[in-house]
There are 2 protein chains.
Amino acid sequence: METVAEIVPGKRHQGFKQMLTQDHAGESIHYHGKLYDILDRAAMLFAQNGYHNTSMRDLAAELKTSLAGLYYYFETKEELLFLISQYSFDSVILSLNEKLNQAGDPVERLNVFVHNHLQYFVTHLSAMKVLSHESDSLSGEYFELINAKKKSYLQILENMLLDIARAQSNQPHMRLNQKIKISALSLFGMMNWTYTWFNPDKHKNQSLSIQKISDQMVNLFLHGFLKD
Amino acid sequence: METVAEIVPGKRHQGFKQMLTQDHAGESIHYHGKLYDILDRAAMLFAQNGYHNTSMRDLAAELKTSLAGLYYYFETKEELLFLISQYSFDSVILSLNEKLNQAGDPVERLNVFVHNHLQYFVTHLSAMKVLSHESDSLSGEYFELINAKKKSYLQILENMLLDIARAQSNQPHMRLNQKIKISALSLFGMMNWTYTWFNPDKHKNQSLSIQKISDQMVNLFLHGFLKD
DNA sequence: GAATTATTCGAACGAACGTTCGAATATAAA
DNA sequence: TTTATATTCGAACGTTCGTTCGAATAATTC
């Protein structure tokens with residue numbers, strides 16, 4: 001069974017490199033409350049004020065802990081950003097895979113993809129905003145690792161679109177690969193852009209539910225996509 | 001005739017407040033090469049490394065001028081970001097209005113809107129990336145001014161969609177206002193997300209032209225939008 | 001050419017930042 | 001209770017940052 005990366009504090013000097021490579025290798029989710037607390041609050045602050053405008057002192061104050069104490073759980077601020085990004089991404093993909101196991105035809109699978117993405121996005125708005133907005137505040141190995149996840153996530157969507165396109169026999173006017181690439185990126189644009197306008201407080205218990213947004217985006221997308 | 005905001009250097013202590021309010025009031029574009037150079041290069045650096053990761057020393061080095069000399073042209077780094085954002089936004093809207101004067105039916109006007117947006121986006125990729133990505137690095141009055149432009153730009157698109165929706169007689173299943181809001185924001189998502197994947201060097205003189213991207217996005221969008 | 005104005009500059013200031021270190025405290029193991 | 005381990009902390013270090021200031025230079029006006 002697939003899981004998100006194991007996250008444990010302490011002895012990071014020895015454990016860090018292993019964590020980077022052991023990703024997706026473990027069997028159970030090791031839960032360490034304090035670190036998740038840190039990731040959660042940090043994501044909130046990063047989403048609210050931006051990564052570079054949030055100081056470690058801000059984070060320490062938010063968590064009612066000491067500045068130096070934070071560094072027991074990670075080695076650098078950049079690693080903190082990486083951990084937030086990695087955990088969010090792994091969670092979305094994990095949740096998606098669970099739902100895809102019981103989803104049938106290509107179109108339904110696309111529905112599942114969009115709804116899963118939007119659902120996770122708005123219920124973890126801070127973390128996903130950070131993931132969408134600050135991913136090139138990462139550098140080096142951190143950047144590469146998150147970028148690889150992005151590419152594989154995009155690949156999942158592109159494969160779905162390929163299935164859908166093949167299912168209908170019309171010859172497309174455009175080269176299929178190109179059409180699928182632009183389509184997939186457009187769909188991601190629709191979905192990810194929500195972080196700039198979706199307000200969970202404003203929309204909670206209101207008529208504009210995730211289900212409605214998800215349905216309309218799929219409609220908007222699918223009719224255009226299927227119409228040559 | 002509408003123009004972009006007048007931009008002149010020097011005596012900023014007196015001239016600044018006036019510039020903020022005189023926006024769109026002048027008749028001709030006052031051109032001051034050096035300041036445009038600064039805005040252009042700064043936009044490049046901001047797009048490349050992010051606003052907060054670009055220091056005034058970096059910018060001075062890029063322009064082969066002194067650090068202190070920069071402050072002759074603006075008062076704070078934040079004002080510099082504001083000037084970039086304002087000039088870009090005004091230019092897009094100005095260019096759009098020129099093209100809309102000679103565009104007929106609602107659907108064609110939507111085509112013009114999308115093509116104008118994407119065209120300006122990719123030919124001024126740095127500045128537009130900054131505008132899309134760093135606009136909430138602004139605060140106070142700066143933020144409000146750019147936000148107001150954003151809202152009015154969104155309103156233009158929503159009005160177009162309203163015209164299109166009215167032109168066809170089908171009763172929509174969803175409340176029209178809501179449908180138009182989500183549709184407009186989805187379309188902006190498609191377009192603005194391009195800054196994360198469009199590579200001008202890679203796509204220059206290649207098969208993936210702006211016209212093709214624009215056409216496909218309009219197709220993708222319109223067929224879904226018109227289909228209830 | 002003198003006077004005025006516009007533009008550039010070197011040097012420095014104070015503040016904020018990420019990070020480190022050794023000591024202190026809490027927790028668990030023996 | 002003693003020992004070992006896990007966690008927190010105050011204080012400080014070195015760096016980088018945006019910004020300022022008064023002087024120097026260039027351009028323009030008279």
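Letters A, B, ... mirror the listed sequences (proteins, then strands); counts begin at 1.
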Open item on the list: Go through it in stages, so that I can follow the logic: the residues are B:Leu100 and B:Leu96, the test is side-chain contact (heavy atoms from CB on, under 4.5 Å), and I'd like the CA-CA distance, side-chain angles, deciding distance and then a yes or no.
Closed with: CA-CA 6 Å; B:Leu100 278 184; B:Leu96 175 66; 3.9 Å; yes

- [ ] State, yes or no, whether a side-chain contact exists between B:Phe113 and B:Lys99 at a heavy-atom distance under 4.5 Å.
- [x] no

TODO: Classify the angle between the aromatic ring planes of B:Tyr142 and B:Phe82 as parallel (below 30°), tilted (30 to 60°) or perpendicular (above 60°).
DONE: tilted

Open item on the list: Tell me the interatomic distance from A:Phe74, atom CZ, to D:dT7, atom C1', rounded to whole angstroms.
Closed with: 14 Å

Task: Exam field: side chain B:Glu62 to backbone B:Arg41, donor-acceptor pair closer than 3.5 Å - done: no

- [ ] Evaluate the side chain to side chain donor-acceptor pair (under 3.5 Å) criterion for residues A:His117 and A:Asn192: first the C-alpha distance (whole Å), next the side-chain angles of each, then the deciding distance (0.1 Å), finally the verdict.
- [x] CA-CA 9 Å; A:His117 186 100; A:Asn192 287 345; 2.7 Å; yes

Task: Phosphate OP1/OP2 of C:dT7: any B:Tyr71 side-chain N/O under 4.0 Å - done: no

Open item on the list: With rounding to the nearest 0.5 angstrom, report the CG to CG distance, B:Asn53 to B:Asp58.
Closed with: 9.0 Å

Task: d(CD, B:Glu78; P, D:dC17) in whole Å - done: 18 Å

Task: Exam field: side chain B:Glu134 to backbone B:Tyr51, donor-acceptor pair closer than 3.5 Å - done: yes

Task: B:Glu75 CD - D:dC21 P separation (whole Å) - done: 12 Å

- [ ] Name the closest nucleotide to the B:Lys77 side chain, picking from C:dT8, D:dA11, D:dT19.
- [x] D:dT19

TODO: Take atom CG of A:Leu35 and atom C1' of D:dT7, then tell me their distance rounded to the nearest Å.
DONE: 14 Å

TODO: Ignoring backbone atoms, establish whether A:Lys34 has a side-chain N or O less than 4.0 Å from OP1 or OP2 of D:dA6.
DONE: no

TODO: Take the protein atom OH of A:Tyr72 and the nucleotide atom P of D:dA6, then report the distance between them rounded to whole Å.
DONE: 6 Å

N/O-N/O pairs, protein side and nucleotides 23-27 of chain C side, under 3.5 Å:
none

TODO: Rounded to the nearest angstrom, tell me the gap between atom CD1 in A:Ile38 and atom P in D:dT7.
DONE: 11 Å

Which atom pairs, donor and acceptor, lie under 3.5 Å between side-chain atoms of residues 123-131 of chain B and protein residues at least two apart or in another chain?
residue  : atom : partner  : partner atom : Å
B:Thr123 : OG1  : B:Gln119 : O            : 2.8
B:Thr123 : OG1  : B:Tyr120 : O            : 3.4
B:His124 : ND1  : B:Tyr120 : O            : 3.3
B:Lys129 : NZ   : B:Ala47  : O            : 3.1

Task: 4.5 Å side-chain heavy-atom contact, B:Ser85 and B:Tyr87 - done: no

Task: Contact residues, residues 48-67 of chain A to DNA chain D [heavy atom, < 4.0 Å] - done: A:Arg57, A:Thr65, A:Ser66

